Amino acid sequence: MPISPEYRPLTVLPAELFQANLAHHEEQEKQQARRHQVVALVRLAVFGGGVAGAWALFADGQPGAALGVVLGVYLVFLGLMRWHAAVSYRRRHHGLLAQLNHDELARLAGRLSGFDPGLRYLTPDHPYAADLDVFGAHSLFQLLNRSTSRLGQDWLAGWLLAPAAPPVVRERQQAAAELAPDVAWQQEWQARARHFPRQEADPRRFAAWLAQPDVFATRPWLLPVLVALPVAAVAGVVALLTGYGAVLLGVAVLGTSLLNLQLGTIRAEYYEQATAMRDALRAAHSQLTLFEAGQWQSAGLRRLHRAVHPAAGPASRLLEQLSGVAGWFSLRQNPAVAGVLNALLLWDAWGVWQLERWKRRLSGQLTPLLEAAAELDALVSLAAFRAANPAFAAPDLTLAPLSVTAEAVVHPLIFGAEPVANDFHTAGAGQTVVVTGSNMAGKSTFLRTVGLNLVLAQAGAVVAARTFGCGPAQVFTAMRTHDNLAESTSSFYAELKRLRLLLDLTQNKASSEAEGENHQPAPPGHPSPNHEKPTAENDSLPVFYLLDEILKGTNSQDRHRGARALVHQLHRRPASGLLSTHDLELAALEQELPGAVRNVSFNSFLNPTDGTLHFDYRLTPGVCRSFNASQLMRLMGIAVDEEPSGNA
């Protein structure tokens with residue numbers, strides 16, 4: 001289906017564009033629904049008229065004319081069915097496009113609960129995914145994901161779970177920048193796949209299954225029998241109808257029945273595999289047809305354009321052939337028809353043969369084609385996110401490792417009121433920014449702001465900032481720790497285990513540098529779509545840590561000693577980051593490690609008129625001096641005596 005010419009380029013605000021598109025497609029859907037009803041009435045009238053006319057001619061003794069009417073009505077009816085199917089497709093297509101624009105408006109408003117949270121990608125020992133809300137309710141994955149395939153979602157999740165090398169990031173950025181202005185193309189890509197909702201099966205398993213030995217290769221006698229028995233069955237039917245008896249038909253049907261019985265398990269397996277993959281194959285075919293027709297400029301899209309044109313022909317045509325073979329087995333959904341066709345023509349066995357012939361012709365090429373389609377699917381997510389957020393910055397990844405420079409950076413998952421933007425910078429290893437502040441002043445939110453934007457930047461997406469630059473780094477967080485009753489683990493011990501992971505991670509980096517190991521980054525290409533943990537290609541990355549109120553489960557003296565020792569230890573390793581705390585004594589680290597530790601703060605202000613607290617959420621140089629725990633407790637009705645020190 002051609003792209004609707006009513007789509008406008010991004011010369012208006014995204015919300016206005018999506019609202020206009022929503023109204024347009026809803027109106028088009030209603031028009032197509034009315035047309036669909038008219039065509040249905042025409043079909044009924046043609047059928048009724050044909051039956052009445054043929055009956056009248058037969059009754060009038062004109063069988064030849066009656067058969068001519070039947071044939072003519074049949075041909076007209078076939079044309080009407082095709083027209084009806086086309087109108088039905090257009091109605092469904094406009095409905096899908098309307099839903100896509102409705103979804104974009106929901107994302108802009110922060111209504112993310114209706115989108116896939118991606119919990120299948122979340123593992124508790126990942127360096128940052130759980131703490132930064134990369135997956136789960138109100139998560140980054142829900143905000144970004146427009147992928148329509150299982151593999152495409154895997155690719156996008158992989159990009160969010162592991163930092164890519166700067167050349168790979170730049171390739172993704174350029175591809176997304178080329179796709180982003182054409183919202184019509186992005187939504188057409190998504191809508192085409194949504195016509196085929198049954199895409200739960202994993203294509204990689206299907207490709208692995210296709211690599212198994214051929215049934216026909218291990219049974220050389222099978223193909224001649226597969227030809228002879230249907231011929232004999234058809235000849236038997238002709239003999240029966242012409243009065244030569246039913247012996248030949250009976251012998252042929254007995255032979256086909258025995259063969260079907262012998263191949264019963266194989267037929268069932270091929271049916272299950274083919275039908276489970278049919279929608280995914282049809283969706284990929286429809287999407288790649290759209291992509292193959294384009295002329296692309298960025299290196300990543302040109303690489304993928306070459307990948308979907310193997311020596312055997314365009315990927316869209318190859319996948320169409322494969323989906324057609326998979327559709328061969330769909331007659332099983334009508335047991336009566338399937339029973340007759342299998343008894344006479346060995347229908348399922350011929351489907352097995354066709355699938356194996358396709359496999360022999362394209363051995364090993366299915367997986368690269370599906371992976372290329374999946375990478376495109378993930379790039380469409382980055383492009384749509386970029387189009388929906390034109391004020392976001394394309395990050396610069398040319399800085400030195402462990403460098404972060406951000407102007408007007410905000411949390412990408414805060415919606416509604418205009419979020420408070422802050423500037424931030426740090427550069428080089430051994431640096432720690434100590435963030436002090438009162439309760440609810442924004443310390444934890446700021447740590448997540450920096451972390452999430454680093455994740456976006458190293459995935460190839462735009463970031464929620466006016467400008468943003470960073471160098472290669474492995475993000476690590478220790479922000480949310482919980483006890484584990486199943487493992488008899490307290491929250492304090494769970495936090496210690498988390499910090500042990502940080503020390504192990506930074507020790508590995510330090511050891512690698514000391515031993516002179518040099519891990520080269522992966523070139524732009526096909527990364528593994530399942531990065532549940534940092535991969536070997538990221539072993540050489542230094543660590544950027546985000547530590548929020550660590551060692552909460554012990555007394556203040558031990559907490560201070562432990563946090564101070566940790567900062568000193570990390571100072572000697574290839575690591576930098578932020579540490580939020582209520583412990584003002586940690587501010588002394590700025591004097592202990594001059595040039596390596598810097599104090600910043602978030603503050604609250606007490607309104608002397610009504611006694612209410614106010615927060616400006618502004619990052620301020622220096623240590624926080626306005627703590628509010630006592631005032632908050634008073635507001636909750638707890639009688640707290642005045643403390644001369646004023647600390648909480």
Side-chain angles (χ1 to χ4, degrees), residues 196 198-241 245-285 312 317-367 369-370:
F196 310 103
R198 293 185 57 195
Q199 298 190 48
E200 300 86 4
D202 190 341
R204 290 163 297 206
R205 294 182 181 177
F206 180 71
W209 173 77
L210 281 179
Q212 295 177 1
D214 291 355
V215 174
F216 283 81
T218 57
R219 297 173 174 83
W221 52 268
L222 187 55
L223 184 58
V225 173
L226 201 62
V227 173
L229 285 177
V231 171
V234 172
V237 171
V238 173
L240 178 64
L241 294 176
V247 175
L248 179 58
L249 179 60
V251 172
V253 169
L254 177 62
T256 58
S257 299
L258 291 174
L259 187 59
N260 281 325
L261 184 63
Q262 183 178 4
L263 299 177
T265 302
I266 295 172
R267 290 163 51 214
E269 182 182 6
Y270 272 65
Y271 166 76
E272 291 175 4
Q273 293 284 349
T275 53
M277 278 301 301
R278 190 186 181 199
D279 270 11
L281 295 171
R282 295 162 76 190
H285 155 253
R317 189 177 68 203
L318 300 175
L319 292 176
E320 182 181 28
Q321 294 169 355
L322 181 55
S323 65
V325 174
W328 184 275
F329 295 93
S330 63
L331 280 177
R332 273 197 171 211
Q333 298 171 6
N334 190 327
V337 175
V340 172
L341 290 177
N342 276 312
L344 295 178
L345 303 178
L346 295 170
W347 188 266
D348 284 354
W350 278 108
V352 173
W353 178 77
Q354 289 186 74
L355 193 54
E356 293 197 344
R357 186 181 65 165
W358 188 96
K359 179 174 66 174
R360 286 192 297 272
R361 194 158 54 91
L362 289 170
S363 177
Q365 294 189 38
L366 178 60
T367 296
L369 296 182
L370 293 176

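In this text the structure is predicted, and so the values were computed from the model without any measurement. Residue numbers start at 1 and run along the sequence shown.
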Problem - Exercise: identify the closest heavy-atom pair between Ala349 and Leu263 - result: CB-CD1, 4.2 Å
Problem - Nearest non-hydrogen partners of Leu223 and Trp353, listed with the distance - result: CD1-NE1, 3.7 Å
Exercise for the section: Applying side-chain contact (heavy atoms from CB on, under 4.5 Å), name anything that partners Leu240, two or more places apart in sequence or on another chain. Expected result: Ala246, Leu249
Completion exercise
dist Thr256:OG1 -> Leu226:CG (nearest 0.5 Å) comes out at 11.0 Å
Exercise for the section: Would you please test Ser257 and Leu261 for side-chain contact (heavy atoms from CB on, under 4.5 Å) and show each step? Expected result: CA-CA 6 Å; Ser257 299; Leu261 184 63; over 6 Å; no
Problem - Residues forming a side-chain contact (heavy atoms from CB on, under 4.5 Å) with Val231, sequence neighbours excluded - result: none
Problem - Leu222 CG to Leu346 CG distance, which is reported to the nearest 0.5 Å - result: 9.0 Å
Problem - Minimal non-hydrogen separation, Ala232 against Ala252, with atom names - result: C-CB, 3.8 Å
Practice task
Under the side-chain contact (heavy atoms from CB on, under 4.5 Å) rule, collect the residues that match up with Val225, sequence neighbours excluded.
Solution key: Trp221, Leu229, Leu259
